[in-house]
Amino acid sequence: MTCPSDTTPLIELSIPPKAVAILKTEGIHTRGDLHRCGPVYAFLLLKAAALGVTESLLWRLVQAADTQTHWPPTLAEKQSWHDAIRQHPPVAIFPPTNIMQSWMAKALDQARLALQYQEVPVGAVIVRENTLIAAAHNQCVTHHNVSHHAEIQALNLAGMVTNNYRLDGCDVYVTLEPCAMCASALIQARVRRVIFGATEPKTGAAGSVLNLFNEPKLNAHTACRGGVLASESQALLQTFFQHRR
């Protein structure tokens with residue numbers, strides 16, 4: 001029997017066609033792709049897609065991607081994989097790129113409003129089932145309140161609209177990587193996904209300085225992705241700080 005190569009398509013590795021189709025939408029086409037992202041990530045991705053995953057699918061993914069695990073896995077190896085699933089950061093299927101860009105454009109409109117009021121130009125919108133429920137921008141200067149970042153303002157508005165401080169099933173689009181304060185609030189609100197534009201190398205808490213969204217001790221519920229219309233967001237920030245100088 002010929003061993004599979006990194007270019008072997010997933011459909012040839014005893015992975016169900018429905019699972020293959022979902023993984024392909026996330027750029028996972030071959031055994032090499034599966035090995036690079038890891039079977040745990042792929043398994044959680046399929047779970048997030050509501051595929052109805054079973055433990056047998058996990059072992060198929062492990063067998064396809066991992067060359068170190070015995071087959072069948074030993075009890076210790078099974079426990080190790082189960083621990084890896086429990087400790088893995090939140091995983092989600094994100095909307096198509098054009099949808100994310102469309103909502104980020106709305107957040108950028110909010111950032112431009114902040115710029116008009118001489119606030120740091122950061123904007124945020126909150127979406128549920130592709131419907132806008134809140135939009136806000138930085139108002140720290142206007143309100144003399146250091147906590148009034150765009151994300152906090154948007155969470156407050158969304159809570160009033162939904163009559164609930166928990167925002168399960170909601171997505172937050174924000175033009176700049178959240179700081180630790182905002183990341184904590186987003187996690188506490190249990191938003192489903194956070195999509196941000198530009199990274200913030202000085203205070204970013206979604207990977208630049210630290211990553212609160214990937215901290216298992218916080219019992220996080222929120223998946224996070226950056227880089228959507230990042231250059232547009234960065235351009236607004238550069239305009240603001242150039243004028244201040």
**Student:** Does a side chain donor of either Gln153 or His137 reach within less than 3.5 Å of an acceptor in the other side chain?
**Tutor:**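 Side chains of Gln153 and His137: no pair found under 3.5 Å.
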**Student:** Measuring only between side-chain heavy atoms, which start at C-beta, is Met181 closer than 4.5 Å to Ser147?
**Tutor:** yes
**Student:** Is Cys170 close to Val127 at the side-chain level, that is, under 4.5 Å between some pair of heavy atoms?
**Tutor:** no
**Student:** In terms of hydrophobic clusters joined by side-chain contacts under 4.5 Å, are Leu23 and Leu57 together?
**Tutor:**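 Linked, Leu23 and Leu57 end up in one cluster.
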**Student:** So which of Val125, Val194, Leu229, Leu132 actually passes side chain to side chain contact (heavy atoms under 4.5 Å, CB included) with Tyr173?
**Tutor:** Val125
**Student:** Before accepting this row, confirm whether a basic side-chain N of the pair Arg190/Asp168 lies closer than 4.0 Å to the acidic partner's carboxylate O.
**Tutor:**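 Salt bridge absent between Arg190 and Asp168.
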**Student:** Out of curiosity, Ser14 OG to Leu61 CG, how far, rounded to the nearest 0.5 Å?
**Tutor:** 11.0 Å
**Student:** Just how far is it from atom CZ of Phe213 to atom OG of Ser184, taken to the nearest 0.5 Å?
**Tutor:** 8.5 Å
**Student:** Any luck finding a side-chain donor-acceptor pair between Glu215 and Asn211 under 3.5 Å?
**Tutor:**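 The answer is no; no qualifying pair exists.
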**Student:** Would you please test Glu77 and His70 for side chain to side chain contact (heavy atoms under 4.5 Å, CB included) and show each step?
**Tutor:** CA-CA 8 Å; Glu77 287 172 331; His70 295 91; 2.8 Å; yes
**Student:** Between Asp33 and Arg36, does any NZ, NE, NH1 or NH2 come within less than 4.0 Å of an OD or OE carboxylate oxygen?
**Tutor:** yes
**Student:** Step by step, work out the side chain to side chain contact (heavy atoms under 4.5 Å, CB included) result for Val91 and Tyr41.
**Tutor:** CA-CA 7 Å; Val91 173; Tyr41 175 81; 3.8 Å; yes
**Student:** Less than 4.5 Å apart, side chain to side chain, heavy atoms only: is that true for Leu51 and Lys18?
**Tutor:** yes
**Student:** Taking atom OG1 of Thr54 and atom CZ of Arg60, what is their separation to the nearest 0.5 Å?
**Tutor:** 7.5 Å
**Student:** Test side chain to side chain contact (heavy atoms under 4.5 Å, CB included) on Leu155 and Val191 and set out the steps.
**Tutor:** CA-CA 10 Å; Leu155 289 172; Val191 300; 4.3 Å; yes
**Student:** Judged by modelled atom types alone, do Ser208 and Glu177 share a side-chain donor-acceptor pair under 3.5 Å?
**Tutor:** yes
**Student:** Can you find a pair of side-chain heavy atoms, one from Thr30 and one from Thr8, that are under 4.5 Å apart?
**Tutor:** no
**Student:** Just say parallel, tilted or perpendicular for the rings of His143 and His148, cut-offs at 30° and 60°.
**Tutor:** perpendicular
**Student:** Can you list everything that forms a side chain to side chain donor-acceptor pair (under 3.5 Å) with Thr142? Sequence neighbours excluded, please.
**Tutor:**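 Side chain to side chain donor-acceptor pair (under 3.5 Å) check on Thr142 returns Glu119.
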**Student:** Is there side-chain contact between Glu200 and Cys179, with at least one heavy-atom pair below 4.5 Å?
**Tutor:** no
**Student:** Are the side chains of Trp81 and Thr69 in contact, using a 4.5 Å heavy-atom criterion?
**Tutor:**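 Sidechains of Trp81 and Thr69: in contact.
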**Student:** What's the separation between atom CD1 in Ile93 and atom CG in Leu45, rounded to the nearest 0.5 Å?
**Tutor:** 3.5 Å
**Student:** Same cluster or not: are Trp71 and Leu13 linked, directly or through other Ile, Leu, Val, Met, Phe, Trp or Tyr residues, by side-chain heavy atoms under 4.5 angstrom apart?
**Tutor:** yes
**Student:** Working to the nearest 0.5 Å, report the span between CG of Asn130 and CG of Asp171.
**Tutor:** 9.0 Å
**Student:** Does the side chain to side chain contact (heavy atoms under 4.5 Å, CB included) test come out yes or no for Asp109 and Leu113, once each step is laid out?
**Tutor:** CA-CA 7 Å; Asp109 288 342; Leu113 284 176; over 6 Å; no
**Student:** In chain order, what residues pass the side chain to side chain contact (heavy atoms under 4.5 Å, CB included) check against Val228, with sequence neighbours excluded?
**Tutor:**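 In terms of side chain to side chain contact (heavy atoms under 4.5 Å, CB included), with neighbours along the sequence ignored, Val228 is linked to Met100, Gln101, Met104, Ile195.
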**Student:** Does a side-chain heavy-atom distance below 4.5 Å link Cys140 with His149?
**Tutor:** yes
**Student:** Indicate yes or no: at least one non-hydrogen side-chain atom of Met160 is less than 4.5 angstrom from one of Leu157.
**Tutor:** yes
**Student:** Do the side-chain N and O atoms of Trp59 and Glu55 include a donor-acceptor pair separated by under 3.5 angstrom?
**Tutor:** yes
**Student:** Could you grab the distance from atom CG of Asn138 to atom OH of Tyr117, nearest 0.5 Å is fine?
**Tutor:** 14.0 Å
